[in-house]
Amino acid sequence: MTESLESLRQKIDALDETLQELLNQRAALAHQVAEVKLATDPNPVFYRPEREAQVLRRVKERNQGPLDGETMARFFREIMSACLALEQRMKVAFLGPEGTFTQQAALKHFGHAVETVPLGAIDEVFREVESGAANYGVVPVENSTEGVVNHTLDTFMTSELKICGEVELRIHHHLLAGEHTQRDKVTRVYSHQQTLAQCRQWLDAHMPGVERIAVSSNAEAARRLKDEWNALAIAGEMAEELYGLQAVQRNIEDRPDNTTRFLIIGKQDTPASGNDKTSLMVSGKNRPGLLFEVLAPFRDQGINLTRLESRPSRTANWSYVFFVDCEGHKEDGKLETVLETLENAGNSIKLLGSYPKAVL
């Protein structure tokens, strides 16, 4: 027979009580972990990207529903974030202002128990972490539609920070109106230049006569609507909520699979998690076959490249640095062989970091 509503609610209440007790037990254990670390190391590392990636992978692997694995992993992400805050309340710098996709990526990766700090430029995020004012930073590196973020790559040339993780964020752009917007009299639309490019076809079809004005960020575009009656903005849900806007049309991006990849930067090396990537810079004397010489060792060892970019080296005209992302950890035997081969060929190598592949 079907159970009564009251009986089902009593079972839910009992489960909630058990969950609450277990969560507090987990938090107490996390606090004990902090005490052990402090007793054995005067400068302990509390945040362990490889450990968190392993936990989240196991959550998804063992999940049997009815909640899907991604949803369950997000629950555990927030549980770990709250427990880590008992060990150390982390400060995470991001490319601001508040309400940007970079802040959304930071919260997706670290959970909501961290303090996020908005900064005005990518190099400022690097400096904030280098100075110790922030524990970690989050910066965009590439978009599936518009390509690489050159400023991020260029900053790695002079920074000693390491890549400790990555975040992939599905990007949805919404056409937004403010409280005072007169929608039948709109003459301009604000957004970041990359966002305008990602929504070009939709704007051409639906707003061909409206001026498109590029601003420093989508959040800045949303903020401007507070004082204007004849403008709309294109931004994400976080900016929409932060500035109290209304959606005129949702998901106006030209490609539904539009995704941006972000990097987590910090000072620590990350041990292997079992499913990792490695990023490095390779440069050499300009000569015929240089690019082939850089790529051949990866092919010979059967290592898959996930990204290859070139940037001016800034040391001489027409001299370039190759940025390479590949599968595997720098301590893997095959990748060690690749790095040794590249160095023996007279190339200069800078390891930017090995880190877990994005789980969420």
Side-chain angles (χ1 to χ4, degrees), residues 74 77-78 81 90-126 128-129 133-146 149 151-152 167-181 186 188-199 202-203 212-229 231-253 258-265 360:
R74 289 182 185 277
R77 164 68 280 165
E78 293 299 332
S81 179
M90 291 196 302
K91 184 178 289 187
V92 179
F94 69 94
L95 179 62
E98 290 189 354
T100 59
F101 287 115
T102 311
Q103 184 180 24
Q104 190 175 336
L107 294 174
K108 180 181 180 181
H109 186 81
F110 289 101
H112 286 71
V114 299
E115 178 185 354
T116 54
V117 181
L119 295 171
I122 288 172
D123 57 331
E124 291 181 24
V125 176
F126 275 78
E128 194 81 353
V129 179
N135 301 100
Y136 298 94
V138 182
V139 291
V141 68
E142 62 178 327
N143 175 264
S144 59
T145 302
E146 296 301 312
V149 180
H151 194 177
T152 296
V167 191
E168 292 182 356
L169 189 67
R170 185 63 61 85
I171 303 298
H172 295 297
H173 297 306
H174 311 311
L175 187 66
L176 305 174
E179 181 182 359
H180 305 295
T181 303
V186 169
R188 64 187 69 171
V189 58
Y190 294 112
S191 198
H192 188 271
Q193 61 181 5
Q194 194 171 73
T195 300
L196 292 172
Q198 293 169 8
C199 303
W202 191 95
L203 291 170
R212 304 168 196 179
I213 301 177
V215 294
S216 59
S217 69
N218 291 346
E220 170 61 17
R223 186 197 65 78
R224 289 193 176 204
L225 297 191
K226 179 180 179 181
D227 302 316
E228 299 197 23
W229 57 269
L232 297 173
I234 303 174
E237 286 186 8
M238 182 170 283
E240 176 187 353
E241 295 174 3
L242 181 63
Y243 294 101
L245 305 180
Q246 300 88 41
V248 177
Q249 183 68 44
R250 294 200 177 277
N251 301 344
I252 67 170
E253 63 274 5
N258 184 20
T259 302
T260 296
R261 178 171 170 248
F262 300 83
L263 297 178
I264 311 302
I265 54 174
L360 291 176

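Just the heavy atoms: all of them, side chains too, but no hydrogens, waters or symmetry mates, feed the values below.
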Practice problem: Decide yes or no on side-chain contact (heavy atoms from CB on, under 4.5 Å) for Arg224 and Arg188, but give the supporting numbers first. | Solution: CA-CA 12 Å; Arg224 289 193 176 204; Arg188 64 187 69 171; over 6 Å; no
Practice problem: For side chain to side chain donor-acceptor pair (under 3.5 Å), just list the numbers for Asn258 and Gln198, CA-CA rounded to whole Å, side-chain angles, deciding distance to a tenth of an Å, and then say yes or no. | Solution: CA-CA 8 Å; Asn258 184 20; Gln198 293 169 8; 2.8 Å; yes
Inter-residue atom distance [X].[atom1] - [Y].[atom2], 0.5 Å rounding:
| X | Y | atom1 | atom2 | answer |
| --- | --- | --- | --- | --- |
| Arg212 | Cys199 | CZ | SG | 9.5 Å |
| Leu242 | Glu98 | CG | CD | 6.0 Å |
| Gln194 | Thr145 | CD | OG1 | 8.5 Å |
| Leu225 | Gln246 | CG | CD | 9.5 Å |
| Ile171 | Thr195 | CD1 | OG1 | 8.0 Å |
| His112 | Arg77 | NE2 | CZ | 11.0 Å |

Quiz item: Could you walk me through whether Val167 and Ile264 pass the side-chain contact (heavy atoms from CB on, under 4.5 Å) check?
Solution: CA-CA 8 Å; Val167 191; Ile264 311 302; 3.8 Å; yes
Taking [X] for the side chain and [Y] for the main chain, is one N or O donor matched with an acceptor at less than 3.5 Å?
| X | Y | answer |
| --- | --- | --- |
| Asn143 | Thr259 | yes |
| Thr102 | Val139 | no |
| Thr260 | Leu169 | no |
| His174 | Asn251 | yes |
| Asn135 | Lys91 | yes |

Quiz item: Got a sec, which residues hit side-chain contact (heavy atoms from CB on, under 4.5 Å) with Val149, two or more places apart in sequence or on another chain?
Solution: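 By the side-chain contact (heavy atoms from CB on, under 4.5 Å) rule, Val149 matches Ile122, Pro140, Thr152.
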Quiz item: Met238: what forms a side-chain contact (heavy atoms from CB on, under 4.5 Å) with it, not counting sequence neighbours?
Solution: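 Partners of Met238 under the side-chain contact (heavy atoms from CB on, under 4.5 Å) test: Gln103, Gln104, Leu107.
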Exercise. Step by step, work out the side-chain contact (heavy atoms from CB on, under 4.5 Å) result for Tyr136 and Phe110.
Key: CA-CA 10 Å; Tyr136 298 94; Phe110 289 101; 3.9 Å; yes
Which heavy atom in [X] sits nearest to a heavy atom in [Y], and how many Å separate them?
| X | Y | result |
| --- | --- | --- |
| Gly236 | Leu176 | O-CD1, 4.3 Å |
| Trp202 | Ile252 | CB-O, 3.4 Å |
| Ala233 | Ala221 | CB-O, 3.5 Å |
| His180 | Lys226 | CD2-O, 3.9 Å |
| Leu245 | Gly178 | CD2-CA, 3.7 Å |
| Val215 | Tyr190 | CG1-CD2, 3.9 Å |

Quiz item: Does a sphere of radius 6.0 Å around CD in Glu78 hold more than 12 heavy atoms from other residues, nucleotides or ligands, not counting ones at 6.0 Å or beyond?
Solution: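 Correct, the count exceeds 12.
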Practice problem: Give every residue pair that meets the salt bridge (Lys or Arg N to Asp or Glu O under 4.0 Å) criterion with at least one member in residues 99-123, sequence neighbours excluded. | Solution: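 Of all non-adjacent pairs touching residues 99-123, those that pass salt bridge (Lys or Arg N to Asp or Glu O under 4.0 Å) are Asp123-Arg127.
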Practice problem: Using the side-chain contact (heavy atoms from CB on, under 4.5 Å) rule, take Val189 and Ile234 through it: C-alpha gap first, then chi angles, then the decisive distance, then the call. | Solution: CA-CA 7 Å; Val189 58; Ile234 303 174; 3.8 Å; yes
Quiz item: ring-ring contact (aromatic ring centres under 6.0 Å, His included) with Phe101: which of His173, His172, His192?
Solution: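 When His173, His172, His192 are each tested with Phe101, the ring-ring contact (aromatic ring centres under 6.0 Å, His included) holds only for His173.
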